[in-house]
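Keep in mind that this is a model prediction, so the values were computed, not measured. In what follows, every chain begins at residue 1, and chains take the letters A, B, ... in the order their sequences are listed. What's counted below: heavy atoms across the whole structure, side chains too, no hydrogens, waters or symmetry copies.
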Amino acid sequence: MLSVAILLPIIGAVVLAALPKGREEILKAWALLVTLATAGVGVYLLVAFDYAKSGQLQFTVNTEWIPVINSRYHIGIDGISLPMLILSMVITVLCVIYSWDHFPEPHNPKAFLILMLLLETGMNGTFAAEDLILFFVFFELVLLPMYFMIGVWGGPNRQYAAIKFFLYTLFGSALMILAFLALYFKGGETFDIPLLIAQGGTIGHSTQVLIFAGLFMGFAIKVPMFPFHTWLPDAHTEAPTVGSVILAAVLLKLGTYGFIRIAIPILPDAAMTWAPWIGLLAVIGIIYGALGCLAQKDMKRLIAFSSVAHMGFVMLGIATLTSFGINAAVFGMVAHGLITGMLFFIAGSVQERFNTREISRLGGLLLQAPRLGWVLGFCVFASLGLPGLAGFWGEFPAILASYQPAQGLQLWVFRTYMVVASIGTVFAAGYLLWMLQRVAFGTAKTEFEKSHIHDIHIPEYIAWTPLLLGIVALGIFPSLLFHVTDKAVTVVTSGVTQLASAR
Amino acid sequence: MLENAWLIPLIPAISFVVILAFGKRLPAKGAEVGIGAIGVSFVLAMVAVVQWVGRDEPREAVERHLTWWKVGGVDIGAGIHVDGLTVMMLVVVTFISLLVQVYSTGYMEGDRRYTYFFAALSLFTASMLMLVVADNTLQLLVGWELVGVCSFMLIGHWWEEEANSSAAIKAFLTTRTGDVGLMLGVITLFFAAGQNFDIANLNRMAINGDISHGLLLTGAALLFLGVMGKSAQFPLHVWLPDAMAGPTPVSALIHAATMVVAGVYLVARIYGVFWSGFSIGDGGINLIAIIGGITVIIAAALAFVQDDIKKVLAYSTISQLGYMVMALGVGAWTAGVFHLFTHAFFKALLFLGSGSLIHAVHSNNMSEMGGMRKKMPTTFWTFMVGSMALAGIPPLAGFWSKDEIINGASHGFELFMVVGLLGAFMTAAYMTRAVYLVFFGEYRGHAHPHESPPAMAWPLKILGVLSVVGGLVGTAIVGDTWRFAHWMRFDVPGAKEIVEEHAFNLPVATLSVAVGLIGIGIAAGYYLRNMFPRGAAEKSGLVRLGYKVLVNKYYLDNLYIDGIVRTIQYPIAKAAYWINQNVIDGVVNGVGIGTRKTAQVVYDVVDQKVIDGAVNGAGFTAEEGGIVLRQTQTGRVQTYAAVLFGASALIAVGLVLFT
Amino acid sequence: MVPENIAFGLMAAAMVGAGFRLVTTKNVVRAALYLAVVLGGVAGIFVLLGSEFVAWVQVLVYIGAIVVLLLFGVMLTRAPIGKEGDLDNDQRWTAALVALFVLGALASVLADAWGTQKIKFQGVQRTAAVSDSIFGTYVVPFEVASVLLLAALVGAVALARRD
Amino acid sequence: MLAAAAAATSFKAPSLDYHALAPEIVLTATLLLVLVADLFASEDQKWLVANLAGFGLLATMVPIVTLALSGGSHVRSMIGGSYVVDDFSLVLKGLFIVVGYVVCLMAHRYVEEGDYYEGEFYFLLLCSILGMVVMASARDLITIFVALETLSIPGYILAGWRKRDLKSNEASLKYYLLGVMASAVMLYGMSLIFGFTGSTLLTDIGTAINAPGPNGGHQAVVTVGILFIIVGFAFKVSAVPFHAWAPDTYEGAPTPVTAFLSVASKTGGFVALFELVYVGFFGRSDVWGPLFGILAVLSMTVGNLIALRQTNIVRMLAYSSIAQAGFILIPFAVAGTSPRAAQSALTASIVYLLVYAAMNLGAFSVVIAVARKTRSGEISSYGGLFEYAPGLAVLMTIFMFSLAGIPPLAGAWAKIFVFRAVLDAGTGWAVALGVVAAVNSVIGLFYYSSVARQMWMTPVPDGDRTPVAVPAPLVAALGITVSVVLAIGVYPQAFARLGELASG
Amino acid sequence: MYLNQFLMLAAVLFAMGVYGVLARKNGVLVLMSIELMLNAVNINLVAFGAFNNTVAGQTFALFVIAIAAAEVGVGLAIILLIFRNRASVDIDEIDAMRG
């Protein structure tokens, strides 16, 4: 069943490629159908998932794939993968709906939708993969479609942004695959993640540290962590709305997911060694991203930089190596997916209405398109971590966790991080409200006074409502997510805790 | 009702959703929903009070909670903790909110975002109530942030003007800066209490010394940072005056009666931590008291030099909050809470009064008012009552609570008693000034003032009454069971009693009243008398001659006034105000601007040049390398051949040597 | 053993001299003749080493065919007879350097490997032996080589033929 | 004397296994047939020649398959082991034949429409392929030498096949001169090795070289001999610094020939290297280990860096093929550390060769197809290809990113196998080599993606949007190559198994 | 006779050949120089054959001779082709493709 969730989109893409180019309605309908079907599978998974055993892999498939290098087609989901999987499914559907009647230029729905479906396969696969090589393949599979999405349908500077995004990520994954192979040889000649988790601890410390470095490069660039983040603003700014939404909502999560799923459980020892540095980069990212935001003139770019800050919180949570921290991280991933995804949607809609995202030229959105304005306001508050909305549960527990990181980590170091991170929340409020004020408050600038601004229209409503509901629901009932992830996280941290108890 | 106190916040929450959804389509644009809901909540709150007071001794706090979420075996609960403090707050919040909403139907009439306004009020009330009933610090934090947002929305209600939205942002950011402290404090105490947010448990452990003093001190200090932000304590008070940009009812509800006292409430609620953290029990001075004391004086001084009536009230609010904080700082828990209680009434009254004035003259500036006595009698009388209550004239509400504070300070905190008295003096003085400038003399504005509509008048009257009698709850008059101090106690099950009561102390009382009266006297004398020579100056030279002596007399008078009062009031106050605007406020704004600037630099230099540059540089060098290497491809076959043979021979030699 | 050494000495001297002129002369035709001298010398060396068959093949194929071929080439490319401008390009010194470097490397290695070992002379190797090895051990390469020669022929014709 | 006489009289013909030689025989028959047919075919019947060549190649596959099926494990060795047919040689012979067939498909219209000699063209092509097929089985120096020349000389000629085109002449000349010089160097090396070991048989050479002691195989002369031989083939596989001919020749030669040279003859060179290194010189890994390391790093880096600056697609592909050669050389560098490492190294190289053949041929097919319309080799002429020829654009994209090594395309697996070999060796140098390779694979992406960028993201240079007419044979070539690339991408096991068989 | 006297002679010839191919610009002369190198190799092979007392050396030499002939043929063809197209055999002028 899980395989269906992975393969359905790509099959759909192939069929789509066969459909006539001219008949746009059919193309869109088909794409929507496929994504919905996939989401349907997702719903089935949600229902059939045994939450009592959310710590173990479920819906596992484990068949021979490449015996030569002893790599198997091994997939399965646990409490951590499930939410991410659902997230990517939902986002894709919404993106198809959103782009329903305004495809970016050059107008070529067929290619665009095919890419979107390919992307979904890649994302779903990554979240389900339980074999390093398989993971790698899916991890990379998302590169090409996103490259073309940015490069073909992007903004004026798209080619630069696209190739930059591509090169960065590829550089990371080149080192990552080396690390994977090192794991293969050091970890008992297998790429199977569960097996490696079982045996990973046996690898010598220095070796672990080296391998972890490789993995780190791979994942950190994807996250992206300071100082590997510079591809992100360009990619986001240039990408078409849907592209940035998927990029922000799901693709960035691949990196953090990699940390949680692979790096930490397999190499707990190295994780202990690296955690302080990861934490450092994380908090730098938090402050740095905030400063970056304050310096922006472009709405979308600002949101992009805010992602750097938010992922900083996620990484901080991970760096604590505690159950609290990593739960927070997973929550943060989902929350950021929903919220920042929303923000990019809005930025796109604003762009579409005003043909500019330049904050200084905008203003009085609340007067011209009240609903859009209020939604923006809502998302801003969600994004700055307002309690009662999803964002808070990503930030607060992360900060909480860094008060008392995993045993064996320097207390004072992480408490310093805690303080810095919490100051970061103020910055977050700063730049987001500043943006809100410039964009939504005040009155329209003269150049747009006359122009009629269409308020939210139907596809936008359909595409956004689920996200907004999700933000509120998760904000009020965080346990919706926590009770899924918790057990799985304890599995992740088990290695670290064993180390701690061994000390 | 005590068990189901969670209903009280829930109802306004629902009304918020309802108004948001259907408000615009309703006949009264959603106002009725809001008022109805809050009315119900108010009734329930009253029931709760009665039930609480009716409980037999010793009154055990009612606790109920359920698991909210659960991580790594730690389960975080959500629940309610109802005791005297809670019910008192419930009543105050619901009641003031009710009146304010009623008042707003008049005040906000025809506003373009009338419905949103009521929705926001409902949301605010809900969050505030939730904060009040919270039984754990996390939940409290949630409510705390939510009220902050509501205040943001309401301050910026008229966001068409940038000034307003900026004020809103300033308010939000300043408080949030404090909240960093709060959040960290909550976290510290969470771990200190063994991964537990529960407040009662926290108090118990704190008092019984189950938590190391160091941790407690840290936690308390951090929490207090949050308090300073929310309750506008020096030096984080700067946002409150700007917050006056919001509609006046909002100022009355949020920035006078309820939200700003959240800080005080927090201290009172988690008093155990502060008490042992700052070892208040040992007497002497401590952070809370100091900050409170400073705030009292500074704010009061600032209130002198304001022209904007709401600003006067704002500073007065700050100073009064200072009183409360100081009270808690000197261990006078009951007194502090009591002052919170009474202050809610008369300050709300004053704000609503000023609101009705502004409504009438379409200006905040007292320089454009004057002579309102005749034009707006209701407003005048109620305002007078409010001012006198604030000035602490017996037997009005303010007197009892303020006296209790000063009285409390007199036991081991004499310094702060002095502060309290000085504060009382200044309070009386600046209120008199305000009252004079507004209600006496000639009308200096251009509008045509008229009495406000009943929707606005009635709340004033009600509050007026309460400002008169509200304080009596603190006395034996109401009977022992109903006496405030009787059902309003800070007692933690399983921990020793830490708050001791102080009997009513006549000398202190008289003293405080005295300074109050002196304050009024001087101010009144200064403002009222000063008129005559000016008036006389208009007359002919003859008269001027005849007046010589009188004038001379008043030379003295003026001399005295100028010599003393001015030197006391103006320069100091002016200086204080200057410092306030340019130093403290400047710092706050400066921080904002500075951050933006650094951000710009960081972005332009570090991000775009250094980091991005490094990467692009790598690419560039690669390209350069390509260009250079291309030169080797000369296109001449014999060069290639030379390379072929040369390389072969070279490598040969190399290999031979190194193998 | 003296005569061989004398013979070798003479031939070697002639070959080196001719070879040197070959790569330095200013006249293409002369160069071809010098080449013939060198090749003849090589044939002589073969005889010295008791490989008569190879020696004869050398004479026939090289001097008989290749040198003639090259001369035709010279003619066809109309290189004027008698002195003419320089036939060298501008990297003469590089070339000399490389050549000497190669020579040095080879010489030292050879000296190191075979120092003063002598060739124990087992008498003339009969042509039969050679043919045996060609048609026995090396029959496959021989067949392939025939195809190769055919290919070279066809190709050369295809390229050179005027059309 | 008597001994010699006895030897003379007692000649017995060597026992030849004709089944094992069947592929060579069929091929030879075919090429002779082609030559004859060309003589008798009139101008309008020349197309027959091409088909003849094609069928001949397919026919050659038959004995290869039968040999593979007839107990693939058991090795057929002839003439004292100087000519061996085993899984290794069969896999590579198969590769050569298929590549040859695809090249025929690519060349079909090209030669026809360019009115170049057809018969001779295919004849020479087949000769070259024969050389390769022989190379795959050759296990002694002479056979290797002859095979090398057989696969090279037709190449020299074909490179100049566009006779009236100066560039083509130049290509031919450069290729020829450098080729001959390289083989001279190689021959000198062979003579040294022969002199030292007294045998031309690789197995004997292996034992002789492994011999310890003062006169053992560690001597300088052996080192130089090995080096010179390797140089000869390093030239063939265009490894830096012996690569210089490749870009000029590739650019000048007719595109199908370029494809042939860049895939087939390069592979031929590698096959020779496999035999020499793994059979003959294995004992002296201290010589060739570092040597290949240097060659690999230089090839990857220099190839990539210069490729960054290219504007002509063929030239860019030339440099890319240099860089790719670098990747294929990496496993050699680490093969010496242990038998196990040698094993996985050989697998890696062979897998890479198989994959490389597919994707490079594909790329060249697209180049030919596009050139039919644009008549230009400039990368800029690919602008907006996606608009008027989406099919070709997508194919080219696939090939480019496969060359760049982006999963899930075949190229990624090739690289993964190389990395695997490197890390299997596990030495510090090996890992360093791996990192260099990783970085280079990123640089490579730069220019590969720039082609994709042209096709997808830039407008058509001359607004001419008429679709490209792709002749059937070319479509077939594209079909074969792309299906291979995708198939490996999804299910690498198939080819990995081949590689393992061959190296087993 | 010492083995090395032959080898050294061969080495010298080889080096001369190297010089020739590098320094001569007339195509035909380059071909001649190449022949020089090949002959050096042949001397080596035959000498080693005698030294190791095996006939393989001669055989090898024969193969080299045969194939050398083929190469010269092809080479001359190419040079003729070029001469026909550009009326010159100066190969250092042939650098249309570079970089």
Notebook entry, point to check: Non-hydrogen atoms of chain D under 4.5 Å away: do they reach the side chain of B:Phe645, the backbone, both or neither?
Noted result: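 It is the side chain, since no backbone atom gets that close.
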Checklist line | CH2 (B:Trp158) with more than 12 external heavy atoms under 6.0 Å | finding: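 Yes, CH2 of B:Trp158 has more than 12 neighbouring heavy atoms, counting only those of other groups under 6.0 Å.
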Check: Roughly how far, to the nearest 0.5 Å, is the NZ atom of D:Lys174 from the CZ atom of B:Arg636?
Finding: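 Result: 10.5 Å between the selected atoms.
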Margin query: Can you tell me how far apart CD1 (D:Ile230) and CD1 (B:Ile651) are? Round to the nearest 0.5 Å.
Written below: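 It is 10.0 Å, given to the nearest 0.5 Å.
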Check: What parts of residues 280-294 of chain D touch chain B if we use heavy atoms and a cut-off under 4.5 Å?
Finding: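 Only D:Arg284, D:Asp286, D:Val287, D:Leu291 of residues 280-294 of chain D have a heavy atom under 4.5 Å from chain B.
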Note to self: Quick check: under 4.5 Å, non-hydrogen atoms only, which of residues 180-188 of chain D neighbour chain B?
What the structure shows: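 Residues in range: D:Met181, D:Ala182, D:Val185.
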Notebook entry, point to check: Between D:Leu227 and chain B, which part of the residue has a heavy atom less than 4.5 Å away: side chain, backbone, both or neither?
Noted result: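 Contact with chain B involves the side chain of D:Leu227 alone.
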Item checked: Part of D:Gln219 within contact of chain B (heavy atom distance under 4.5 Å) ->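 No part of it gets close to chain B.
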Do you know which two heavy atoms are closest between [X] and [Y], and how far apart they sit?
X        : Y        : value
D:Pro247 : B:Gln633 : CG-NE2, 3.5 Å
B:Tyr640 : D:Trp245 : CD1-N, 4.3 Å
B:Val656 : D:Ala220 : CG1-CB, 3.8 Å
D:Glu170 : B:Gly635 : OE2-O, 4.2 Å

Next item on the list: Could you list all the salt bridge (Lys or Arg N to Asp or Glu O under 4.0 Å) pairs where at least one residue sits in residues 314-327 of chain D, not counting sequence neighbours?
Entry: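 Sorted result for residues 314-327 of chain D: D:Asp248-D:Arg315, D:Glu251-D:Arg315.
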Checklist line | Pick from B:Thr632, B:Thr639, B:Ile627, B:Val653 with the largest number of heavy-atom pairs that fall under 4.5 Å of chain D | finding: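 Greatest number of close heavy-atom pairs with chain D: B:Ile627.
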Item checked: Partner of B:Leu629 under side chain to side chain contact (heavy atoms under 4.5 Å, CB included), chosen from D:Ile306, D:Thr301, D:Val240 ->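 Option passing the side chain to side chain contact (heavy atoms under 4.5 Å, CB included) with B:Leu629: D:Ile306.
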Check: Given the options D:Val221, D:Leu178, D:Thr223, which has more heavy-atom pairs under 4.5 Å with chain B than any of the others?
Finding: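 Top option by heavy-atom pairs under 4.5 Å: D:Leu178.
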Please tabulate, for the side chains in residues 178-187 of chain B, all donor-acceptor contacts under 3.5 angstrom to protein atoms that are two or more places apart in sequence or on a different chain.
| unit_1 | atom_1 | unit_2 | atom_2 | d |
| --- | --- | --- | --- | --- |
| B:Asp179 | OD1 | B:Trp144 | NE1 | 2.8 |

